[in-house]
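Indexing begins at 1, ligand by ligand and atom by atom, following the structure's order. Residue numbers start at 1 and run along the sequence shown.
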Amino acid sequence: MLTQNLGYPRIGGQRQLKKASEQYWAGKIGLRELLQIAQTIKQENWQTQLNAGIDLIPCNDFSLYDQTLDMSLLLDVIPQRYAPLLANVAENGVTDLYFAMARGYQKEGLDITAMEMTKWLDTNYHYIVPEFTADQEFHIFQENLFSDYTNAKQLLGEKAKPVLVGPISYLLLGKEKEPGFDRIDLIKKLVPVYVAIINRLKGLGAKWIQLDEPCLALDLSKKEKEAFDFAYRRMANQVSGVNLLVATYFDALLDNTQLAVNLPVSALHIDLVRAPEQLDEVLALLPATLKLSLGVVDGRNVWRNDYSTSLNLINKAVKKLGTDRVIIAPSCSLLHSPIDLDGETALNAEIKNWMAFAKQKLNEVRELKQIAEGNDALLQANKIAIEGRRASQKVHKQAVKDRVVSITEADTTRISAFPIRQQIQHDRFSLPSFPTTTIGSFPQTDDIRQLRAKFKKGELTVEQYEAAIEQATIDVIRWQEAIGFDVLVHGEFERNDMVEYFGEQLDGFLFTQNGWVQSYGSRCVKPPVIYGDVSRPKDMTVRWSQFAAAQTDKPMKGMLTGPVTILQWSFVRDDQPRDVTTNQIALAIHDEVLALEAAGIGIVQIDEAAIREGLPLRKAKRSHYLDWAVKAFRITASGVQDRTQIHTHMCYSEFNDIIEHIAAMDADVITIETSRSQMELLHAFAHFEYPNEIGPGVYDIHSPRVPSIEEMVALLTKAAELLPAQNLWVNPDCGLKTRKWPETKEALENMVAAAKQAREQIQIEA
Ligand code: GLN
Ligand code: ZN
């Protein structure tokens, strides 16, 4: 029986790669130093995996920015706009071209935009989207892959396994940059280059090559399935003497099972954490030539593996295939997992004992093999930890569970239907048409960040800290009044992050010191961990909302994060369904909404920035998800009086296929990100005849650029052509936390002026 790993985090245990890349971009260190730091991380990663007893160890899984971008450079898929940078490659190497593709290039009179970035399937990791043209050609361009393999081989010998994005997923995850062709048709030109790469790796000594084909777990068209078959048959005909391993993950193969098991390769990897139920069918169909890699250790979460559960799967496979056709592995690359639990010195010891990060997961893979080969002591030790978690009072709160079970229809429904609420709210707030507001946060200046840092370090007393936050809040309220906003916000100066702020106050959450995961390039996130039943010991935001409301006669919006967003941006319990955890969070947020209402806050915004992100990869699973996600939002928003106005906010989302569910959330007002798409996204709302009020963003907050009054009036005019003007609000795309003050002030002054013009120019039907 073999063990393998599919990929290892590359940021380094102390985020060395992040720091080094940022220093390199800032011109503070040279290329040689950056590459040296990268090399050290690679060597350490290989050594760690070797020490853990892994048999097939990935190389080329490391990347200075993103592995899909590495593929584009390897295959010479370099968009034409970077041509001016090619001249330097011979002299200075490829790194500056590479970073220009990732981040754009504004130097020496050149102004070249970056390539698009999007989420890697349903993870929070972002990859650089390959751009294809109709006459796209492929060649081997960048040679790093080969030197990386040679390096790895020196340390690992035959265990070194180069990893590539497979040819079909590489095409499908990219984009046509001009009309008139289908990128999947490029497969005929692409396969010969993969053949050349594989043969070169074989020539250097590679025994195994991993081809990641996550698209095998997606809904595929007939043509895409045929392309899979074509590509792998062609490769099999032209390479020999090297084992190809196709890796799938994040969902079941389902209708692609036949296709996947019949690919002419040496081994297939399947995700048995996300989809354990697929094992039976795969085993039934697997031809005798294929080895099966069992992804039993969760590569995307922080929990210790339940060996008994994994062992059942392993035993089943061994019984059918024999030990030498079974490989044990994590479910997917460990890129999505924090690096080393040993570094967490402040965690509660009991809870820490239930957890495993990347390094610990490698040991789990090896131990599972030892257990499958008869080591019973390891199994017993694991049972004790798992049982401890199952029974722990830290995890289980009966009152919380009972409350979730007793949620009724009434708990998810507002008292009156929207038209009645709308009338009551209009009478209460007497807002003008095209009312102006913002999404919540105002610029978090260095002063504010330092204030929080000092407070955390104990250098400021609570009184000093709160006085300073109060002052910032008062200032921003005075300013909003002065420029004429209709609905004010308090600015969120007391919050570091919209999920962390709530997680820190809710029971059932914990925070790590160093549990960083790469989000994109040098950007890392440190998601909170939900380990137990979630409850709300006391009010979370009332103090600040009440303080802010008392400073003004204008309506002050309360500001909360919704349950699905809190779930999506955390590591979640794996011992109960996600919807149960979401409902627990929803009840906690619901209680906070009621507390705000009782404190006199008339408008409450519940942000669901991430609702679209949670959508399952397979279409067939989407409606179930949307049902519980929408229900969770409705739990938070119900129970208030008709006169309380509930807002929600969503970041950039494609609404077309989910619009009925968005409408079912029944928020009185929804604000969305639309300015970059020139109101394109509103078509979904228009087509659906979305009945409630809506604030399409008119100011792109992802850029320091200040939009003009005319520009924003034009956007509002467009919006009013699509939706009833009396339902429209005027607001930016999203929160302003990452912006600087000068541009923010100018842009918002223009925005308020644009709303005034809209009131004069755009007809409102009675
Ligand atoms: N209220 C949050 C803010 O303004 C919303 C941020 C978001 O949608 N990502 O920062
Ligand atoms: Zn947003």
Side-chain angles (χ1 to χ4, degrees), residues 119 124 126 436-445 448-449 452 469 472-473 476-477 479-480 485 487-503 519-520 523 525 527-528 540-541 544-545 548 556-570 589 592-593 596 601 603-614 629 633 636-637 645-655 662 665 667 669-677 681-682 694-703 729-741 744 747-748 751:
K119 292 199 175 205
N124 229 329
H126 301 68
T436 50
T437 190
T438 59
I439 307 305
S441 59
F442 269 92
Q444 293 243 335
T445 55
I448 297 284
R449 288 179 201 279
R452 210 174 12 245
I469 296 286
T473 308
V476 83
I477 291 171
W479 182 76
Q480 290 172 86
F485 268 101
V487 172
L488 275 47
V489 298
H490 72 283
E492 302 183 23
F493 299 113
E494 77 287 9
R495 302 182 191 179
N496 166 33
D497 172 90
M498 65 189 280
V499 170
E500 186 176 285
Y501 185 73
F502 291 92
S519 170
Y520 65 88
R523 267 292 269 274
V525 292
M540 300 185 284
T541 64
W544 288 109
S545 282
M556 174 64 61
K557 243 190 320 191
M559 203 56 65
L560 304 173
T561 302
V564 179
T565 302
I566 292 180
L567 183 92
Q568 273 304 117
W569 294 349
S570 302
I589 301 294
E592 185 71 12
V593 173
L596 284 169
I601 305 297
I603 304 183
V604 180
Q605 178 173 312
I606 307 161
D607 290 323
E608 277 295 25
I611 217 161
R612 162 92 216 188
E613 263 178 53
F633 179 83
T636 64
Q645 188 171 64
I646 300 289
H647 290 219
T648 189
H649 164 73
M650 271 169 223
C651 297
Y652 184 85
S653 307
E654 197 47 71
F655 289 104
I662 302 298
M665 290 166 73
V669 182
I670 182 173
T671 56
I672 59 171
E673 185 169 335
T674 37
S675 74
R676 257 194 211 194
S677 81
L681 292 175
L682 280 191
I694 176 165
V698 291
Y699 158 25
D700 173 13
I701 59 90
H702 296 297
S703 152
W729 285 64
V730 181
N731 47 263
D733 271 342
C734 192
L736 299 159
K737 197 162 110 180
T738 56
R739 293 266 59 88
K740 299 265 177 285
W741 264 117
T744 301
L748 291 179
M751 194 188 86

Sub-3.5 Å pairs, protein N or O with ligand 1 N or O:
from: ligand 1; atom 1: 1 (N); to: Ile439; atom 2: O; distance (Å): 3.1
from: ligand 1; atom 1: 1 (N); to: Glu492; atom 2: OE2; distance (Å): 2.9
from: ligand 1; atom 1: 1 (N); to: Asp607; atom 2: OD2; distance (Å): 2.7
from: ligand 1; atom 1: 4 (O); to: Ile439; atom 2: O; distance (Å): 3.3
from: ligand 1; atom 1: 4 (O); to: Ser441; atom 2: N; distance (Å): 2.9
from: ligand 1; atom 1: 4 (O); to: Ser441; atom 2: OG; distance (Å): 3.2
from: ligand 1; atom 1: 8 (O); to: His649; atom 2: NE2; distance (Å): 3.1
from: ligand 1; atom 1: 10 (O); to: Ser441; atom 2: OG; distance (Å): 2.7

Derivation and outcome, side chain to side chain contact (heavy atoms under 4.5 Å, CB included), residues Val487 and Met556: CA-CA 6 Å; Val487 172; Met556 174 64 61; over 6 Å; no
Residue pair Ile439, Gln605: steps toward the side chain to side chain contact (heavy atoms under 4.5 Å, CB included) verdict: CA-CA 9 Å; Ile439 307 305; Gln605 178 173 312; 3.8 Å; yes
For the Zn ion (ligand 2), which protein N/O/S atoms fall under 2.8 Å? Skip waters. His649 NE2, Cys651 SG, Cys734 SG
Between Thr473 and His490: side-chain donor-acceptor atoms closer than 3.5 Å: no
Parallel, tilted or perpendicular: ring planes of Trp741 versus Phe442, cut at 30 and 60 degrees: parallel
With the side chain counted from C-beta on, respond yes when Leu748 and Leu736 share a heavy-atom pair under 4.5 Å apart, and no when they do not. yes
Do Asp733 and Ser675 pair up side chain to side chain, a donor and an acceptor below 3.5 Å, judged on atom types alone? yes
Counting only heavy atoms not in Lys119, do more than 12 sit closer than 6.0 Å to its NZ atom? yes
Side chain to side chain contact (heavy atoms under 4.5 Å, CB included) between Thr541 and Arg495: does it pass, once the steps are laid out? CA-CA 10 Å; Thr541 64; Arg495 302 182 191 179; 3.5 Å; yes
Would Ile694 and Leu682 count as a side chain to side chain contact (heavy atoms under 4.5 Å, CB included) here? Give the steps. CA-CA 10 Å; Ile694 176 165; Leu682 280 191; 3.8 Å; yes
